[in-house]
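A quick write-up on the structure given underneath.
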Amino acid sequence: MAIILDERSTSILAYLQETDNYVPIQELMDNFHISKRTVYYDMDKINHWLSSHHLAPVEYVRGAGFLLPTESRAKLPVLAQSVQPSQYYLSRNERKALLGIHLINRTEPMFLQDMERLLDVSRGTAHAELTGLREELARYGLSVKFNRKQGYTIQGNEKDQRTALFHYLSDLLAHISWKDFVPQIQGLINANLYRAQFPAFRQEPLSSIYDIITSGERTIGMELTDETIFHLAARLIMCSNRLIQGKQVEMDEDEMAALSQTLQYKAATQISQELGRLYEVTFPEAEVCYITVLLLTAKVNKLEQKSNDEETRRIRQATSEMVDTFEQLGCVYFLQREELENQLFLHVKSAFYRIKYGLQIENPLASTIIDKYREVFELTRQSVEPLEKLLGQPIDDQEIAYLSMHFGGWLRREQVEPARRKSAVIVCVNGVSVSRMLQIQLKRLFPAIDFVEVLSLREYEKYTGWVDFIFSTVPLTGSKVPVFIVSGILTDQEKSQLLHQIDPLLGGRRRREGTGPSAQSIVELVKKHTPVANEAALLEDIQRYLTAMRYQPLQDSKPTLQQLLPSSRIVIREEQTDWRTAISLAAAPLLEEGTIVHGYIRAMIDKVMEYGPYIVIAPGLAIAHAKPEDGVVRTSMSLLSIREGAAFGDDPKHIVRLLFVIASQDGESHLKALTQLTDMLREEANRTRLEQTNDKDEIIQMIRQYSTTS
């Protein structure tokens with residue numbers, strides 16, 4: 001009987017495949033949210049599977065972790081391509097998706113026994129999957145009906161059926177797409193399984209669809225992300241098959257008229273004509289408009305032509321207001337704001353139509369963004385109100401995480417000045433958001449490397465420039481220079497591994513030579529006390545262990561509110577004053593400590609004179625700030641409490657009693673403290689206490705409650 005790897009075990013194996021260092025057990029527990037006992041259980045299953053395919057099992061060294069031997073790592077990708085579908089155990093989510101697609105697309109009667117064979121499960125499990133699917137389809141306005149002759153069918157309008165179909169299709173294609181966090185091995189195994197289930201997804205028809213999409217792109221000067229083309233091709237195949245079956249979407253006349261005014265309609269018209277010739281079917285106007293919607297919701301790298309319809313103008317305005325809000329709440333200024341707005345607009349527009357038409361996509365990096373870049377995520381969440389107002393509904397965390405990647409990338413981009421020594425390009429297939437985040441991380445990690453280009457996969461295939469290295473999110477063949485495979489967002493472990501791999505190629509060392517014991521000296525010490533059966537193997541294990549310990553994960557340093565706002569930076573004043581004096585008084589402790597210079601105070605005052613009381617973020621509360629280059633020496637914060645207030649405008653709500661000054665040396669290091677300050681000020685009782693107390697210790701105690709180092 002074939003040994004089966006489930007989804008989690010396959011993912012763990014793929015995780016080990018990506019590194020040539022020992023992976024600590026705690027790292028596996030954290031990344032896969034499992035217990036130590038489960039790690040050992042899965043590792044035992046993985047080793048049985050490896051042994052059944054004549055591969056060396058995973059090694060374990062106490063204190064260092066798990067390591068997939070080099071020989072197994074080299075042979076695994078080739079082996080994965082030959083794995084039969086019967087050797088892959090579908091997860092529950094995959095079973096539901098597979099069942100949903102087959103029920104929606106069924107062309108002949110389908111009964112419970114057909115579901116058993118499709119999913120390779122028992123009758124009871126098949127029934128349970130059908131029950132779960134029925135509940136989920138109800139959220140799309142669809143119902144599952146049973147007829148003795150026809151079996152199970154799905155009832156509902158065509159547009160809702162396609163929305164559900166695309167949702168389940170994305171669940172399956174996620175495992176064979178170019179996502180950073182989908183393991184390579186799992187992708188290969190699933191690719192064989194799903195291509196067997198869906199012949200239309202084989203290479204020949206997919207290549208034709210790719211060419212059709214590319215032709216449509218050229219029509220309007222649009223460039224979709226590599227990942228989007230893959231998903232769009234699958235959707236277009238599904239749409240064509242539905243049309244062949246006589247199942248057409250219906251769209252409102254006014255809606256079609258609005259869609260026909262967009263640039264994407266021109267591309268959709270061309271794509272539908274070429275699809276019609278390929279499948280020998282005529283695409284009616286409603287179907288052309290539906291393809292327009294698919295293009296509008298797609299992730300875009302660039303769009304050379306500019307639409308100027310009313311809806312596009314409203315989306316541009318919402319984008320601009322989002323940047324305004326982010327700058328205000330984040331106390332930052334984007335130096336290249338126009339470029340940021342143009343790039344952000346492309347994503348905001350796609351997100352707008354995805355949400356409007358219910359064709360939202362899964363963001364595989366959402367949980368990582370929320371966890372690793374929480375401050376930027378929370379600021380973005382507060383900044384999307386203009387877009388939510390335009391849509392008339394809230395935006396979910398998946399889309400907010402994508403927007404956070406844009407803002408986070410720009411925050412870091414504007415503070416990076418890499419030294420020009422070696423050169424490199426980045427090949428990223430996940431679009432502008434991930435590309436920018438990856439580029440900034442690599443620039444910070446390797447300031448001695450000049451990153452000259454960020455390329456999509458198609459751009460890389462045509463690239464003729466010379467560089468010393470290539471960093472890529474997918475494997476590349478035929479490269480004449482070293483290629484380093486990376487994730488879209490680098491973990492601390494991945495950063496350490498890259499440093500270890502690349503530092504020798506830069507001619508430098510990340511540590512002082514001679515620090516710590518050598519592997520050979522440890523082996524000699526051990527030999528004094530016990531016989532060593534295999535000295536070479538012991539030496540190799542110790543060398544790996546010392547390397548893992550030597551290259552510890554890099555830590556970002558973001559001070560807390562308590563660290564930036566000590567008692568010495570708090571000023572309490574009774575009498576009323578004018579707003580200019582208030583800013584000077586609030587900034588005085590920072591000037592005295594030398595964390596800012598006089599020019600920073602002048603810049604804060606000039607900003608209020610130019611833009612009005614924009615720093616008043618709530619009645620009685622203001623946060624003054626300027627750009628880092630206006631005179632910030634070190635990131636810091638101060639507070640002025642004014643009993644009688646300072647008028648920043650004619651409106652009573654512009655009388656400020658709590659004035660904070662924030663000075664950020666890089667536009668980012670203050671964000672943790674700012675998030676904590678926002679949490680504290682969100683409570684009206686806290687604002688009242690700050691306004692009324694004369695006791696600095698009471699203020700510090702409150703600040704301490706909202707300051708954490710996590």
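Values in this document were obtained by computation on a predicted structure and should not be read as measured data.
You'll find the side chain of N21 stays beyond 4.5 Å of the side chain of L67, heavy atoms only. In this structure, the side chains of L236 and L275 come closer than 4.5 Å at one or more pairs of heavy atoms. Between Y140 and H167, some side-chain heavy-atom pair lies under the 4.5 Å cut-off. For the pair F469 and V483, the minimum side-chain heavy-atom distance is 4.5 Å or more. Counting only heavy atoms from C-beta outward, the side chains of V121 and M115 never approach each other to under 4.5 Å. I449 is not listed as a side-chain neighbour of L442, based on a closest heavy-atom distance of 4.5 Å or more. A heavy-atom distance below 4.5 Å is not found between the side chains of H231 and K299. Proximity of L224 to I213: side-chain heavy atoms (C-beta onward) are separated by under 4.5 Å at one or more points.
Side-chain atoms of H406 do not come within 3.5 Å of backbone N or O of Y402 as any donor-acceptor pair. In this structure a side-chain-to-backbone donor-acceptor pair under 3.5 Å is missing from D468 to A424. Looking only at distances, a side-chain donor or acceptor of S404 sits under 3.5 Å from a matching main-chain atom of I400.
Between atom CD1 of residue I212 and atom CD of residue E217 there is a gap of 12.5 Å, rounded to the nearest 0.5 Å. Interatomic distance, CG of L499 versus CG of L445, reported as 4.5 Å (0.5 Å rounding). A distance of 9.5 Å separates CG of L438 from OG of S472, quoted to the nearest 0.5 Å. The structure places CD1 of I271 at 9.0 Å from CG of L294, a figure rounded to the nearest 0.5 Å. Once rounded to the nearest 0.5 Å, the distance linking CZ of R235 with OG1 of T297 reads 6.0 Å. Taking CZ of F377 as the reference point, atom CE of M405 lies at 12.5 Å (rounded to 0.5 Å).
Residues forming a side-chain hydrogen bond (donor to acceptor under 3.5 Å, both in side chains) with S122 (at least two apart in sequence, or on another chain): T125. Evaluation of the side chain to side chain contact (heavy atoms under 4.5 Å, CB included) rule for K36 yields I25, M29, Y40 as partners, not counting sequence neighbours. With sequence neighbours excluded, the residues that form a side chain to side chain contact (heavy atoms under 4.5 Å, CB included) with R134 are V144, Y152.
Between V467 and V425, the shortest heavy-atom contact is CG1-CG1, 3.7 Å. Minimum heavy-atom separation, A233 to Y210: CB-CE2, 3.6 Å. Between A298 and S350, the shortest heavy-atom contact is O-OG, 2.6 Å. Between L142 and A164 the shortest heavy-atom distance is CD1-CB, 3.9 Å. Looking at every heavy atom in both residues, L133 comes nearest to Y168 through CD1-OH, 3.2 Å. In terms of heavy-atom proximity, R73 sits nearest to L68 at NH2-O, 2.7 Å.
None of L118, L119, D114 except one satisfies the side-chain contact (heavy atoms from CB on, under 4.5 Å) rule with H102; the exception is L118. Among the candidates L55, L13, V58, D42, the single residue satisfying the side-chain contact (heavy atoms from CB on, under 4.5 Å) test with N47 is V58.
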**Asked** Given the rule in the side chain to side chain contact (heavy atoms under 4.5 Å, CB included) test, do R242 and I104 qualify, once you have shown the distances and angles that lead to the verdict?
**Response** CA-CA 10 Å; R242 302 288 290 178; I104 295 173; 3.5 Å; yes
**Asked** R139 and E136: salt bridge (Lys or Arg N to Asp or Glu O under 4.0 Å), yes or no, with the steps?
**Response** CA-CA 6 Å; R139 297 200 290 270; E136 190 167 283; 3.4 Å; yes
**Message:** Is there a salt bridge (Lys or Arg N to Asp or Glu O under 4.0 Å) between R458 and E223? Walk through the geometry before answering.
**Reply:** CA-CA 10 Å; R458 288 182 290 171; E223 182 185 294; 5.6 Å; no
**Asked** Would E129 and K96 satisfy salt bridge (Lys or Arg N to Asp or Glu O under 4.0 Å), going step by step from the backbone distance to the final call?
**Response** CA-CA 6 Å; E129 295 300 340; K96 182 172 60 181; over 6 Å; no
**Request:** Verify side chain to side chain contact (heavy atoms under 4.5 Å, CB included) between I485 and T473, making sure each step is shown before the conclusion.
**Result:** CA-CA 6 Å; I485 306 302; T473 58; over 6 Å; no
**Request:** Applying side chain to side chain contact (heavy atoms under 4.5 Å, CB included), run through M238 and R162 and close with a yes or a no.
**Result:** CA-CA 9 Å; M238 288 292 191; R162 291 193 191 183; over 6 Å; no
**Working for side chain to side chain contact (heavy atoms under 4.5 Å, CB included), residues F66 and M43** = CA-CA 9 Å; F66 298 95; M43 210 58 67; 3.6 Å; yes
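The aromatic ring centroids of F451 and F471 lie less than 6.0 Å from each other.
For E27 and Y22, the side-chain atoms include no donor-acceptor pair closer than 3.5 Å.
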